[in-house]
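Below is one structure, written out as structure tokens, with a few remarks after it.
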Amino acid sequence: MEEQKQKLKILETLRHSASHLLAAAVLEMWPETKLGIGPAIENGFYYDFDFKEPITEADLPKIEEKMAEIKKRNLTITCREVLINEAKEIFKDQPFKLELINDLEKDEGIKKVSLYKLGSFEDLCRGPHLENSNLIGPFKLLSLAGAYWKGNEKNKMLTRIYGTSFSSQKELDSYLNFLKEAELRNHRKIGKDLDLFSINENVGPGLILWHPKLSATREVIEEYWRKEHRKRGYQYIYSPHIGLDNLWKTSGHLDFFEEGMYPPMLMESKDKKEKTRYFIKPMNCPFHILIYKNRPRSYRELPIRYCELGTVYRYEESGVLNGMLRVRGFTQDDAHLIVREDQFVEEVNKVLDFALELNKAFGFDKLKVYLSLRDPENKDKYVGSEENWQLAEKTLKEILEKRKVEYREDVGGAKFYGPAIDLKAVDSLGREWQGTTIQLDFNEPQKFEMTYIGKDGKEHAPIMLHRTLLGSMERFVATLIEQYAGAFPVWLAPVQVKVIPISEKNLEYGKKITEKMIEENIRVELDDRDERMQAKIRDAEHEKVPYMLIVGAKEERGNAVSVRMRGEKDLGPQAFSDFFKQISEDIDKKRQV
RNA sequence: GCCUAAGUAGCUCAGUCGGUAGAGCAUUCCCUUGGUAAGGGAAAGGUCUCGGGUUCGAUUCCCGACUUAGGCUCCA
């Protein structure tokens with residue numbers, strides 16, 4: 001463990017020096033460029049520039065060449081400390097650096113700053129760095145992007161150059177390979193190739209059309225999801241897609257979230273002067289709360305667990321939309337748990353157990369846990385009392401610690417209405433995907449005046465938890481596509497079996513076994529095209545169908561099928577009943593095949 | 001929303017230094033009846049994203065819009 005940390009530190013230093021090398025190269029090529037910042041990041045490094053003339057991707061190789069040339073000069077990287085005023089003089093032509101120096105002086109009361117020098121390029125920098133340019137490992141510039149100065153959208157947009165560097169060529173190559181592999185698994189590409197979904201300009205950006213294939217998979221997920229919820233005492237409900245403005249005023253959405261909502265539908269009304277306003281729901285909670293509030297509730301009824309596959313619409317900024325991962329209309333696998341104080345810890349633990357089990361069924365054995373806390377610097381951004389926040393954050397922390405799970409605190413990651421536990425699924429390439437979130441809500445129970453009658457006959461305020469396990473059907477299915485590279489395990493595969501008759505003469509037999517499987521709820525297709533068997537196999541492989549059944553005269557005689565599994569060779573003939581037993585087990589046990 | 005790119009047949013992509021476009025696969029039809037990743041042939045398929053401008057003429061040049069992508073910011 002210590003050794004690994006040490007290794008990471010070295011890599012970080014190496015990348016940081018690589019970012020300085022990048023800046024040095026850029027300055028030699030375009031001396032008038034203004035510099036932003038250039039840190040090492042998780043998978044590499046970047047440097048932000050304000051170019052006089054914009055550059056393009058085509059310039060990256062040229063910059064790389066220049067970097068290589070500077071690296072070979074065997075330059076010693078030196079460090080010195082100077083007084084603030086001296087630094088201001090040195091960077092008088094670098095407005096962003098100057099701003100940084102001023103910030104350091106003002107906010108942190110710093111009197112001296114350190115400078116690192118690589119050849120003729122000297123940069124304001126905390127360090128540390130390698131000793132010599134020659135020690136910088138093999139590097140590669142990856143992409144060009146816009147980035148706001150200091151990450152603030154009110155500031156100027158700078159040009160960011162992303163790159164990466166490793167200690168050895170081998171490691172760099174394997175990382176570049178990883179990027180290539182990730183690109184192959186891109187759900188948008190696979191979605192098109194396998195006819196899974198589309199987004200149509202005439203419908204609108206961020207709105208998904210689910211094609212039959214992906215809908216079949218979604219249906220399986222939803223059935224499984226409902227079954228597991230029933231088992232755990234959840235009640236399934238349905239709620240409308242729109243609601244009056246009053247509802248959203250009460251919930252606080254019109255105050256806190258209006259720019260995230262689609263504009264209202266205005267209805268004329270004869271009796272009223274004002275138009276009636278309906279909003280499309282950005283969340284399901286108000287509806288769940290009103291079901292709860294439909295009559296008085298006893299402490300005996302709690303916990304109440306309402307769940308719904310609720311489709312919501314949020315007007316996300318156009319720039320954040322991303323295939324099925326970030327959309328404007330999506331179906332949350334939502335639930336609201338209304339619990340007594342004494343039930344809170346147990347219920348959170350139950351949700352965590354549930355989340356783990358569900359994720360496992362989809363091949364996500366590894367999850368990363370994040371505890372989203374309030375930003376203590378900005379307390380007025382949140383609703384709810386100080387005591388409530390402190391208690392809630394402490395309780396969530398204790399739950400995680402008692403479970404002995406490793407978790408990371410995400411300070412400032414809490415919603416305005418409460419802290420949360422978030423789980424990120426780690427996929428087969430090691431990438432993390434946000435899915436499960438368990439959020440406490442201090443806001444709505446109060447705004448909607450939710451109560452229950454306690455043992456003492458008096459009214460009490462319940463605690464409400466929002467939670468999704470999968471996140472949204474859209475994002476989750478996109479994650480699955482990337483996780484499996486489109487080759488879904490049998491239980492999730494849109495088409496589980498492709499029946500391939502060798503010639504027209506075997507078509508009848510093929511039809512017969514196809515119908516038999518349809519009766520047993522197996523998703524099967526008969527390839528009755530006038531094509532050669534080889535071509536049909538090839539197409540079925542491209543469609544990533546897990547089982548191909550080749551049937552010819554030989555099979556027909558023995559009431560058999562020749563089985564071929566996705567990505568493998570002919571497994572030989574077997575009795576149809578044996579195959580049926582096999583696939584039924586795959587499905588029942590949710591085997592990862 | 002902002003920065004930088006891209007948009008040609010259902011898909012993957014050529015192409016036109018300004019004279020309205022082509023391949024492979026897919027589709028339809030015909031021939032072929034085959035044993036584990038492409039049998040052969042023919043036909044059909046395009047407002048070259050959309051709207052302006054320049055021009056005798058724009059898919060190509062210029063301007064704008066839309067969509068998509070990589071980021072920033074934000075998030076299920």
Side-chain angles (χ1 to χ4, degrees), chain A residues 46 48 50-51 54-58 142-162 183 186 188-189 192-193 195 198-206 257 259-260 282-284 310 312 314-334 413 415 420 422 433-437 439 466-476 478-479 500-507 529-542 548-555 562-573:
Chain A
Y46 68 78
D48 286 343
D50 186 14
F51 286 99
I55 64 162
T56 69
E57 302 251 345
L142 297 171
S143 61
L144 214 57
Y148 296 108
W149 168 238
K150 290 183 176 171
N152 188 328
E153 61 182 321
K154 288 189 184 94
N155 287 344
K156 189 171 173 132
M157 176 78 57
L158 306 178
T159 304
R160 177 170 296 179
I161 298 179
Y162 280 98
E183 191 45 42
N186 188 310
R188 286 179 242 103
K189 184 183 172 328
K192 205 181 223 176
D193 288 350
D195 192 13
S198 59
I199 298 168
N200 190 299
E201 277 186 42
N202 293 313
V203 178
F257 201 67
E259 74 285 6
M283 284 186 184
N284 303 301
V312 298
R314 298 183 190 169
Y315 197 77
E316 302 284 355
E317 289 185 330
S318 59
V320 307
L321 300 178
N322 176 352
M324 276 186 123
L325 282 171
R326 242 345 242 294
V327 293
R328 285 188 175 155
F330 55 100
T331 301
Q332 293 181 301
D333 68 313
D334 209 357
K415 303 284 169 299
D422 297 319
W433 306 87
Q434 164 90 53
T436 303
T437 173
Q439 305 171 352
H466 308 254
R467 58 108 267 216
T468 65
L469 298 179
L470 308 177
S472 77
M473 297 313 289
E474 285 73 10
R475 175 182 288 183
F476 186 70
T479 306
I500 300 178
I502 289 178
S503 89
E504 213 169 55
K505 292 178 202 135
N506 316 113
L507 203 57
R529 293 175 305 164
D530 179 15
E531 277 295 347
R532 297 186 62 197
M533 172 202 60
Q534 284 89 335
K536 294 181 185 180
I537 288 174
R538 179 179 171 276
D539 290 342
E541 284 283 355
H542 279 183
M548 284 155 268
L549 299 186
I550 287 77
V551 292
K554 213 163 58 185
E555 288 78 10
S562 278
V563 181
R564 184 186 162 112
M565 273 182 86
R566 176 176 57 199
E568 290 179 36
K569 296 279 175 221
D570 181 15
L571 299 181

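Keep in mind it's a predicted model, so treat the numbers as computed, not measured. In what follows, chains carry the letters A, B, and so on, assigned in the order in which the sequence lines appear, proteins first and then strands, with residues in each chain numbered from 1.
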Checklist outcome for this item: 5'-most contact on RNA chain B (nearest-nucleotide basis), A/Q439 vs A/K192, goes to A/K192

Next on the checklist: With hydrogens left out and only the distance checked, is there a donor-acceptor pair under 3.5 Å joining A/N152's side chain and the base of B/U73?
Outcome noted: no

Next on the checklist: Within the 4.0 Å heavy-atom criterion, would you say A/L321 contacts the bases, only the backbone, or no part of the nucleic acid?
Outcome noted: sugar-phosphate

Next on the checklist: So if I take every side-chain heavy atom of A/D530 and compare against B/C31, B/G71, B/G35, which nucleotide ends up nearest?
Outcome noted: B/C31

Next on the checklist: Distance criterion of 3.5 Å, no angle test: do you see the side chain of A/Y148 paired donor-to-acceptor with the base of B/G1?
Outcome noted: yes

Checklist entry - Counting side-chain heavy atoms from C-beta on, which of B/U36, B/A76, B/G1 comes nearest to A/Q434? => result B/A76

Item to check | Base paired to B/C11 (Watson-Crick or G-U; both N/O distances under 3.5 angstrom) | outcome: B/G24

Next on the checklist: Quiz question: by atom type and distance under 3.5 Å, do the side chains of A/E555 and A/S562 form a donor-acceptor pair?
Outcome noted: yes

Next on the checklist: So A/V327, base contact, sugar-phosphate only, or nothing? Heavy-atom distance under 4.0 Å.
Outcome noted: base

Item to check | Donor-acceptor contact below 3.5 Å, side chain A/R314 vs main chain A/P282 | outcome: yes

Item to check | Polar side-chain contact A/E555-B/G35 base: donor and acceptor under 3.5 Å | outcome: yes

Next on the checklist: So if I take every side-chain heavy atom of A/E201 and compare against B/C66, B/G70, B/C72, which nucleotide ends up nearest?
Outcome noted: B/C66

Next on the checklist: Under 4.0 Å between a side-chain nitrogen and a carboxylate oxygen: does that hold for A/E183 and A/K189?
Outcome noted: no

Next on the checklist: Only pairs with both distances under 3.5 Å count, Watson-Crick or wobble alike; so what is the partner of B/A5 in this structure?
Outcome noted: B/U68

Item to check | Polar pair under 3.5 Å, donor/acceptor by atom type, side chain A/R326, base B/C74 | outcome: yes

Checklist entry - Within the structure shown, what part of the strands sits under 4.0 Å from A/A553 by heavy-atom distance: base, sugar-phosphate, or nothing? => result base

Checklist entry - What does B/G46 pair with, Watson-Crick or G-U, if both distances are under 3.5 Å? => result none

Item to check | Opposite nucleotide pairing with B/A38, Watson-Crick or G-U, both atom distances under 3.5 Å | outcome: none

Checklist outcome for this item: Partner of B/C61 under the Watson-Crick or G-U wobble criteria, both distances under 3.5 Å, comes out as B/G53

Checklist entry - Does the base of B/A37 carry an N or O that pairs as donor and acceptor with the side chain of A/R566 under 3.5 Å? => result no

Checklist entry - A/G151 near the nucleic acid: base, sugar-phosphate alone, or nothing, with a heavy-atom cut-off under 4.0 Å? => result sugar-phosphate

Next on the checklist: Between B/C75 and A/R475, counting only base atoms on the nucleotide and side-chain atoms on the residue, is there a donor-acceptor pair under 3.5 Å?
Outcome noted: yes

Checklist entry - When all nucleic acid strands are considered with a 4.0 Å heavy-atom cut-off, which category describes A/G260: base, sugar-phosphate, or nothing? => result nothing

Checklist entry - Between A/R160 and A/D48, is there a side-chain N and carboxylate O pair less than 4.0 Å apart? => result yes

Item to check | Upstream residue (5' side of RNA chain B) when A/R532 and A/N506 are each assigned their closest nucleotide | outcome: A/N506

